[in-house]
Visitor: 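Questions regarding the structure given below will be posed in turn.
Sequence positions, counted from 1, serve as the residue numbers for this chain. Quick note: numbers below take in every heavy atom, side chains included, and nothing from hydrogens, waters or symmetry partners. None of these values were measured; they are calculated from a predicted model.
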Amino acid sequence: MRMPWHRWASGRLAAASTLALIALAVAGVPASVHAQSLGYEGFGGGEEGKSEAAPHKSSKAARGGAKGSKRLAIQPYIEVDQIVDAQLSPGDDVLTYTQAAVGIDAGIAGRKNAASVSVRYERQFGWGKRAADGDAISGIARGYTTIVPGVTLEAGGLATQASVEDGASAFSNGEVSDRSKTKIYSVYGGPSVATRAGDVSVTANYRAGYTKVDRSNAYVAAPGVAAVDVFDKSVTQVADVEAGVAPGATLPVGVGVAGSFYQEDISNLDQRVRDMQARAMITVPVSRTVQAVGAIGYEDVEVSSRDAVRDADGNPVIGSDGRYKTDKSAPRTLAYDVSGLTWDVAVMWRPSRRTSLSAHVGRRYGATSFGGTLSYAPDDRKQLSIAVYNNIAGYGGQINRLLDELPDDFEAVRDPVTGDLTGCVATLEGNNCLSGALGSLRSSTFRARGVAASYSMKLARLNAGVGLGYDRRKFIAAEGTVLASANGVVDENYWLAAYVSGPLGRNAGWATNVYANWLSSNDPLFGDVAGYGASASYYRLLTRRLRANVAVAIDGASRDTPDINDIWTASALAGLRYNF
């Protein structure tokens, strides 16, 4: 019997994502895809000149050789586990699984290359009729490689899972079975160039990205039921160029010009986000550690889409995947159209290489816009990062933006029972969490505003980190289309993730993780939902390469809908891992 096409395609996409992540690790090339607006690093005096007027753009083309040390660590492994999953509420089922996994963790650092990667494939075999078989791919990768001096190639990828509610709210979940899991894949990459023409610094970047959400069959709409507006896939393209002269080179102030182009094409109803900008900037040194930057420019931002196919009664047609079918013959309808002058005033403070602060206020998207970043590392073993952001994007573009902010040097933090990524990575360089990206899987484009903060440290041989944030998405959809009801809907996500790990002697170690998500919406059709979880694990080396693992976890989800009970599960794992 032939395999259905959608299952074949999903399997091929999962395999392709795994191969892409592994290739990134071997080549040393992961990284960034989001530059909806412009920074000032081209002529403002280096890293001090960055403004949070835009999501961070990669500048690795100028830093080849910044890391003097060399490091290469590649750790492939195989693992076999026995898992017991007990439902505490509302039922009392106890399910048993055997899990087999293969994975690789790798880190590369040198004068011209840097990358970190963690990829894992696992297969669960259920014992009994109620314990379903399943498999999953999870991984994260980011880094760069230098082609020639001043030219780098960057790329990155993410493969993860989330539980999705009927309102498209997404959060981590520690359940072993994949029946209710939605799989998320994202890959992207492109070149960066940094050069000089006399006193003029010139930088340029291009990125292309692809994001896919593979929904669980549990959330495919039944016949006659309205489709849940869940994102399918998108292609993102970003290009930007800057040219400028730093303060003191030819004038007491720095001057420059820049331009950028951002486009995201979303498959759901052919939605499109297009953002074009140009601006001129002047940088004024206030003191040795403080710079002020003023910018004026022009922007043109459009969001458009098509309507769904309609049946003879005028009702929208739902495809086999539970999403609305796009009417390719329908005209494109504008949902958002803002153009005109923009301005921005930013202040950058960098008293030392360990501390930098930027804050800006201006006019963008036809309204007042503000944001900023703070990075503080009191020593080599502690790091604090805070970012306030404001942008327009689709779901794929937002994942790209947060992946772009990850450093090249990190270790993945995983749920010790399911093996899933927990939403944060362990690092002492910059922002370390992705939890804010998963908040809502609605397909509609949105205006995102929020704040994300992370703190990580190494104390003796103890590793610890915590991330927390707030993400607010106001959705944009065209009137007269099937998505019109989503226009103006606001989804909010408060999130928290933390980890602590350390050794117990020379041959043993432990780790703990906690997470929480509180998701709310003003959509009257859907209620609020919250997800919580905590886990603890212990390992002991039996030989130099073989180790024994044990772990326990508890996870829960609560809803404000009166007729839906809270769900709580507890799980335990015992297994063996062999490191090659």
Side-chain angles (χ1 to χ4, degrees), residues 32-37 51-57 158 162 167-171 184 186 209 211 213 229-231 234 236 238 260 262-264 266 268 271-275 277 299 301-303 335-336 338 342 360-373 385-406 423 431 433-454 467-477 483 486-495 517-523:
S32 79
V33 157
H34 210 284
Q36 280 188 239
S37 58
S51 166
E52 184 55 10
H56 166 70
K57 295 193 306 304
L158 174 71
S169 298
F171 56 90
I184 302 165
S186 185
T211 301
V213 172
D229 177 28
V230 175
F231 178 92
S234 75
T236 304
V238 180
S260 75
Y262 172 86
Q263 181 165 308
E264 183 174 359
I266 303 168
N268 303 71
Q271 295 179 82
R272 176 184 296 161
V273 185
R274 180 175 288 167
D275 183 354
Q277 296 186 49
E299 73 172 349
V301 185
E302 292 184 358
V303 177
Y336 185 90
V338 173
T342 62
H360 79 91
V361 63
R363 181 173 180 80
R364 192 170 175 222
Y365 303 133
T368 301
S369 173
F370 61 89
T373 60
S385 294
I386 301 174
V388 178
Y389 56 88
N390 179 7
N391 56 63
I392 288 180
Y395 184 78
Q398 201 72 344
I399 288 182
N400 295 161
R401 182 184 70 82
L402 289 178
L403 279 170
D404 179 36
E405 295 175 358
L406 289 178
N431 181 58
C433 288
L434 296 169
S435 297
L438 296 180
S440 176
L441 279 173
R442 295 180 191 267
S443 75
S444 300
T445 301
F446 51 84
R447 172 88 174 266
R449 306 184 201 189
V451 58
S454 63
L468 66 160
Y470 165 74
D471 184 73
R472 181 184 189 271
R473 300 181 180 182
K474 185 174 182 179
F475 291 89
I476 302 168
L483 289 181
N487 190 47
V489 168
V490 175
D491 286 354
E492 296 178 292
N493 177 22
Y494 297 86
W495 57 270
N517 287 84
W518 298 271
L519 302 114
S520 63
S521 176
N522 66 356
D523 190 333

Visitor: Specify the closest pair of heavy atoms between I399 and L158, including all atoms of both residues, with the distance to one decimal.
Guide: CG2-CD2, 4.0 Å

Visitor: Are the side chain of D471 and the backbone N or O of A448 linked by a donor-acceptor pair below 3.5 Å?
Guide: no

Visitor: Nearest 0.5 angstrom please: N391 CG to D275 CG, how far?
Guide: 9.5 Å

Visitor: Please report the closest heavy-atom contact between Y395 and E264, naming both atoms and the distance.
Guide: N-OE2, 3.9 Å

Visitor: Could you please spell out the steps behind the side chain to side chain contact (heavy atoms under 4.5 Å, CB included) verdict for L468 and Y494?
Guide: CA-CA 8 Å; L468 66 160; Y494 297 86; over 6 Å; no

Visitor: Minimum heavy-atom separation for N400 and S186, please, with both atom names.
Guide: ND2-OG, 3.2 Å

Visitor: Applying side chain to side chain contact (heavy atoms under 4.5 Å, CB included), run through N268 and L483 and close with a yes or a no.
Guide: CA-CA 10 Å; N268 303 71; L483 289 181; 5.6 Å; no

Visitor: To check you understand the geometry: which heavy-atom pair defines the closest contact between W495 and A452, and what is its length?
Guide: CZ2-CB, 4.0 Å

Visitor: Run through R473, R472, R442, R449 and flag the one making a salt bridge (charged side-chain N to carboxylate O under 4.0 Å, His left out) with D491.
Guide: R442

Visitor: Taking all non-hydrogen atoms of both residues into account, name the closest pair between S444 and F475 and its distance.
Guide: O-CD2, 3.5 Å

Visitor: Quick one: does any side-chain atom of E299 pair with a main-chain N or O of R364 as donor and acceptor, under 3.5 Å?
Guide: no

Visitor: Test of understanding: with side chain to side chain contact (heavy atoms under 4.5 Å, CB included), list the residues that count as partners of S454, not counting sequence neighbours.
Guide: S385, N431, N432

Visitor: By side chain to side chain contact (heavy atoms under 4.5 Å, CB included), which residues pair with A335, not counting sequence neighbours?
Guide: V303, I476, A478

Visitor: Verify side chain to side chain contact (heavy atoms under 4.5 Å, CB included) between Q271 and F231, making sure each step is shown before the conclusion.
Guide: CA-CA 11 Å; Q271 295 179 82; F231 178 92; over 6 Å; no

Visitor: Could you tell me which residues satisfy side chain to side chain contact (heavy atoms under 4.5 Å, CB included) with I386, sequence neighbours excluded, listed by chain and number?
Guide: L374, L384, V451, A453

Visitor: Under the rule for side chain to side chain contact (heavy atoms under 4.5 Å, CB included), what residues qualify as partners of R274, not counting sequence neighbours?
Guide: F261, Q263, R272, M276

Visitor: Which residues pass the side-chain hydrogen bond (donor to acceptor under 3.5 Å, both in side chains) test with R447, not counting sequence neighbours?
Guide: N390

Visitor: Set out, in order, the CA-CA distance, both residues' side-chain angles and the distance that settles side chain to side chain contact (heavy atoms under 4.5 Å, CB included) for T236 and T211, then state yes or no.
Guide: CA-CA 8 Å; T236 304; T211 301; 5.6 Å; no

Visitor: Using the ring-ring contact (aromatic ring centres under 6.0 Å, His included) criterion, which residues pair with Y336? Sequence neighbours excluded.
Guide: none

Visitor: If I take atom CD from residue E492 and atom CG from residue L519, how far apart are they, to the nearest 0.5 angstrom?
Guide: 10.0 Å

Visitor: Hey, what do you get for CD (Q398) to CG (L403), rounding to the nearest 0.5 Å?
Guide: 11.0 Å

Visitor: What heavy-atom pair brings T445 and I266 nearest, and what distance separates the two atoms?
Guide: OG1-CD1, 3.8 Å

